[in-house]
Amino acid sequence: MKTIIEPFKIKSVEPIRMTTREEREGILAEAGYNLFLVRAEDVLIDFLTDSGTSSMSSEQWAAVMRGDESYAGARSFYRFDERVRSITGFPIVIPTHQGRAAEKILFHVLHRDGAIYIGNTHFDTTRANIEQLNDEAIDLPIPEALVPARMHPFKGNIDLEKLAATLARHGDRVRAVIMTVTNNSGGGQPVSMENLREAFRLARSHGALCVIDACRFAENAYFIQQREPGYERKSVLEIAREMFSLADASTMSAKKDGLANIGGFLTLRDEDLAAQARNLLILTEGFPTYGGMAGRDMEAIAQGLQEVLAEDYLRYRIRSVEYFSEKLQSGGVPMILPPGGHAIYLDAAAFLEHIPREQFPGQVLANELFLAGGIRGVEIGTVMFGKRDPESGRTRHPAMELVRLAIPRRVYTQSHVDFAAEVILEVHQRRTELRGLRMTYEAPFLRHFTARFEPHPA
Ligand SMILES: *Cc1c(COP(=O)(O)O)cnc(C)c1O
């Protein structure tokens, strides 16, 4: 059969509140034309993020009831610890309340004056945790990654030539090479096993730690199985184990491929690093057998990590994102190709060619998808990453102007995707009618969360 069905039945439902375009116009104006300031109940289909938004399975909810909330040595910790060790092969597992806490601990332990980290593309919390210590994060994606319409099976790869040159230039100032799988900031694009192996071989020969940012490790492993010669017959679990076997450490947000609503962990091989990490953990997260999570969270993650590796789940997951993108491509909607594992990234600069970057075409497009169909995506462009030069007052624009539609795991069905595609195609048909925005308020940091706008007068 050609049709790939959702590999689950629905046991508990959460109603969506229907709204009209008129109502949404009022809601958006009140929110200062910023979708972060809209209430979730006013959204029909929420593609803001795939982080912490997964539906849990009946087995996960049953595991929640088995949560052991003992302060020290809880049964739930040992179940969690054993599951993480058996999937990753790492001997040491340090629980944290989410991914960024694992990052914070790792970078504090590795910190030295002038430390440098090199990655395929550092995720924003990873970069922020590095820069907060006055250390430096360098992104070296392959050149294909910066051209939205350029096809490449492993657009998440690191540029190995540049990596070798950068390692040679900075020597032992490079504390770690961090490979983010899949590469979230680069569009949810996978990294090949070959690239991972070679990047870590180079890192090791310069004494740098080899780190995997493992948030979407299962999606990456599935792409390797589908696209990399020699892996067709390996199970996703075997491929995931091989990926982890190449690394010295990994950080994980269980809000992604943990299929849980909160949680994370740091894995290590080195006892000495682990001892330092645990000291920090106790200071900021909690005792080493819960580290910021409740026992029930660790139970849900232990179960989720097993379910996320089910191949019928991954086939449905990756196929539904691809199906979404095919529908949009059939109407000529510009986007990053091929689609990544967890999201569609619309190319707003090409979609709204007539709106200058100063008038925030990404924000305009995200807002129109909400007005037209109650869909919430997120601008990843000038609002999020544009930097104003304090001297000239002019804004420097990031390389791409995107709207990300992240697909929560196991939450929406095919008809939700069909509806979303219909909305986007309809907006695309009348795109020349859309008008720009003007920013009326911006905070000094992370302005996208609280910025306010109004329709541009011109
Ligand atoms: C979400 C994410 C993180 C941070 O995890 P949180 O649980 O949100 O703190 C780090 N890296 C990547 C690639 C992510 O997607």
Side-chain angles (χ1 to χ4, degrees), residues 36 47-54 80 84 88 94-108 117-132 137 139 141 145 155-158 176-191 196 211-221 223 240 243-244 247 249-267 280-281 284-286 291-294 297-298 300-301 304-305 308 317 321 340-345 378 380 384 402 404-409 446 448-449:
F36 278 108
F47 290 150
L48 185 65
T49 176
D50 65 322
S51 176
T53 52
S54 300
F80 165 83
V84 175
T88 65
I94 295 178
T96 60
H97 81 280
Q98 54 185 84
R100 68 196 69 185
E103 294 171 346
K104 178 181 172 232
I105 289 170
L106 180 65
F107 297 130
H108 267 80
Y117 297 87
I118 308 174
N120 48 350
T121 311
H122 293 81
F123 182 63
D124 53 13
T125 60
T126 320
R127 171 174 287 277
N129 271 298
I130 290 169
E131 292 178 349
Q132 204 256 334
D139 294 337
K155 235 175 164 174
N157 283 353
I158 196 166
V177 168
I178 303 163
M179 296 294 286
T180 302
V181 301
T182 57
N183 189 355
N184 184 356
S185 309
Q189 300 289 333
V191 177
L196 199 59
V211 181
I212 292 181
D213 178 335
C215 296
R216 298 178 182 79
F217 75 98
E219 292 172 7
N220 200 91
F223 278 120
M243 288 162 50
F244 286 115
S250 77
T251 57
M252 173 75 184
S253 168
K255 302 174 73 169
K256 322 305 183 9
D257 273 353
L259 292 177
N261 303 121
I262 196 74
F265 52 84
L266 168 65
T267 66
L280 277 173
L281 183 80
T284 59
E285 291 285 294
M293 283 185 283
D297 300 328
M298 294 188 281
I301 295 166
L305 287 172
V308 81
R317 166 85 179 147
V321 176
H342 68 288
I344 297 280
Y345 291 73
V378 61
I380 300 187
M384 192 178 275
L402 305 171
R404 184 185 75 178
L405 304 170
I407 319 294
R409 294 170 180 76
L446 298 170
H448 54 286
F449 289 126

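Note that ligands are numbered from 1 as they come in the structure, with each ligand's atoms numbered from 1 the same way. Remember, predicted model here, so these are calculated numbers, not experimental data. Heads up: numbering here begins at 1 and tracks the sequence.
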K.L.:
Is the backbone of G52 close enough, under 3.5 Å, to the side chain of N261 for a donor and an acceptor to pair up by distance?
P.N.:
yes
K.L.:
Under a 4.0 Å heavy-atom cut-off, which residues neighbour ligand 1?
P.N.:
Q98, G99, R100, E103, F123, T125, T180, N184, D213, C215, R216, S253, K255, K256
K.L.:
Any salt bridge (Lys or Arg N to Asp or Glu O under 4.0 Å) pairs touching residues 254-266, not counting sequence neighbours?
P.N.:
D257-R409
K.L.:
Does D139 have any side chain to side chain donor-acceptor pair (under 3.5 Å) partners at least two apart in sequence or in another chain, and if so, which?
P.N.:
H122, R127
K.L.:
Do T182 side-chain atoms and N184 backbone N/O form a donor-acceptor pair below 3.5 Å?
P.N.:
no
K.L.:
Looking at D297 and A294, would you say the former's side chain and the latter's main chain have a donor-acceptor pair under 3.5 Å?
P.N.:
yes
K.L.:
Suppose we screen for ring pair (Phe, Tyr, Trp, His ring centres under 6.0 Å). Which residues come up paired with F217, at least two apart in sequence or across chains?
P.N.:
F244
